[in-house]
Amino acid sequence: MRVVLANGHFDVLHVGHTRYLAEARAEGDFLVVGVNGDASTARRKGPGRPILPALERAEVVAALEGVDLVVIFESDDAGELLERLRPDVHCKGTDYTRETVPERELSLRLGIDTRIVGDPKDHSTRELLAAVVDRLGKKKKKGYPQE
């Protein structure tokens with residue numbers, strides 16, 4: 001069985017996340033998804049994040065077709081997961097190249113194949129949240145009731 005590890009924050013799930021995970025799943029037979037914990041997400045994403053707690057983010061990711069196992073981790077990169085799980089493949093999104101993956105040296109040392117998968121980084125949680133705030137702000141200004 002070819003085991004694949006993908007990881008991320010998945011703070012507010014969007015189409016970029018689902019495409020990334022679908023392509024990661026296509027790299028093997030069993031997909032493990034590492035979800036950054038709350039403290040890690042706050043450190044990496046900044047004030048006000050995460051929007052959803054780690055347990056809820058993990059539950060949403062686990063409900064996706066093709067995801068076989070979800071684990072929550074608190075470190076800022078997936079190095080510890082790679083050490084413990086020793087997957088055949090580690091998938092990262094298109095905001096990386098094989099050379100810029102933070103766990104690159106560790107993966108090479110462990111013999112883990114690194115793959116870049118997903119669509120171009122045209123989607124982000126930050127942009128999605130900004131659009132929601134912008135649209136709700138416009139409705140509020142137009143006299144719509146606040147929810």
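Keep in mind the model is a prediction, meaning the values are calculated, not measured. Below, all heavy atoms of this structure are taken into account, side chains as well, without hydrogens, waters or symmetry copies.
Residues forming a side-chain hydrogen bond (donor to acceptor under 3.5 Å, both in side chains) with Arg104 (at least two apart in sequence, or on another chain): none.
Residues Thr18 and Leu21 have side chains not in contact (no heavy-atom distance under 4.5 Å, counting atoms from C-beta outward). Side-chain contact between Phe10 and Val60: absent, with no pair of heavy atoms (C-beta onward) separated by less than 4.5 Å. Residues Leu81 and Glu103 form no side-chain contact, since every pair of their non-hydrogen atoms from C-beta on lies 4.5 Å or further apart. Considering only heavy atoms from C-beta on, Arg25 stays 4.5 Å or farther from Val4 through its side chain. At least one side-chain heavy atom of Leu106 sits under 4.5 Å from a side-chain heavy atom of Glu83.
For Glu74, the CD atom counts as densely surrounded, since its 6.0 Å shell holds more than 12 non-hydrogen atoms of other residues, nucleotides or ligands. Within 6.0 Å of CG in Leu110 there are more than 12 heavy atoms belonging to other residues, nucleotides or ligands. Applying the 6.0 Å contact sphere to CD of Glu99 captures more than 12 heavy atoms from other residues, nucleotides or ligands.
The pair Asp77-Lys92 fails the salt-bridge criterion, with no side-chain N (NZ, NE, NH1 or NH2) lying under 4.0 Å from an Asp/Glu carboxylate O. Salt bridge status for Asp38 with Lys45: absent, with no side-chain N to carboxylate O gap under 4.0 Å. Ion pairing between Asp119 and Arg19 holds under the 4.0 Å rule for side-chain N and carboxylate O. Salt bridge absent: Asp76 and Arg44 never bring a charged side-chain N and a carboxylate O closer than 4.0 Å.
Contact between Glu80 and Ser75 at its shortest, heavy atoms only, is CB-OG, 4.4 Å. Considering every non-hydrogen atom in both Leu5 and Pro87, the closest pair reads CB-CG, 3.8 Å. When all heavy atoms are compared, the tightest approach of Gly118 to Glu23 is N-OE1, 3.0 Å. Taking both residues in full, the closest heavy atoms of Glu27 and Cys91 are given as CG-SG, 3.8 Å, listed atom of the first, atom of the second, then distance. In terms of heavy atoms, Gly37 sits closest to Ala54 at CA-CB, 4.0 Å. Looking at every heavy atom in both residues, Asp88 comes nearest to Arg2 through OD2-CA, 3.3 Å.
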Evaluate the side-chain contact (heavy atoms from CB on, under 4.5 Å) criterion for residues Leu13 and Leu64: first the C-alpha distance (whole Å), next the side-chain angles of each, then the deciding distance (0.1 Å), finally the verdict. CA-CA 11 Å; Leu13 201 65; Leu64 295 174; 4.0 Å; yes
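A donor and an acceptor atom, one from each side chain of Thr114 and His90, are nowhere located under 3.5 Å apart.
Under the 3.5 Å distance criterion, the side-chain polar atoms of Tyr20 are left unmatched by any main-chain donor or acceptor of Val15. In this structure, His9 contributes its side chain and Asp11 its backbone to no donor-acceptor pair below 3.5 Å. Looking only at distances, no side-chain donor or acceptor of Arg115 sits under 3.5 Å from a matching main-chain atom of Ala24.
Cluster annotation: Val33 is connected to Val89 through the hydrophobic network of ILVMFWY side chains, with a link wherever side-chain heavy atoms come within less than 4.5 Å. Under the 4.5 Å side-chain heavy-atom criterion for Ile, Leu, Val, Met, Phe, Trp and Tyr, Val71 and Leu82 are members of the same hydrophobic cluster. Both Val70 and Leu31 are part of a single hydrophobic cluster, where members link through side-chain heavy atoms under 4.5 Å apart. Placement of Leu85 and Phe73 within a single hydrophobic cluster is found when ILVMFWY residues are connected by side-chain heavy-atom separations under 4.5 Å, directly or transitively. Val101 is not connected to Ile112 by any chain of hydrophobic side-chain contacts under 4.5 Å among Ile, Leu, Val, Met, Phe, Trp and Tyr, and they are in different clusters.
Note that the CG atom of Leu69 and the CZ atom of Phe30 stand 5.0 Å from one another [nearest 0.5 Å].
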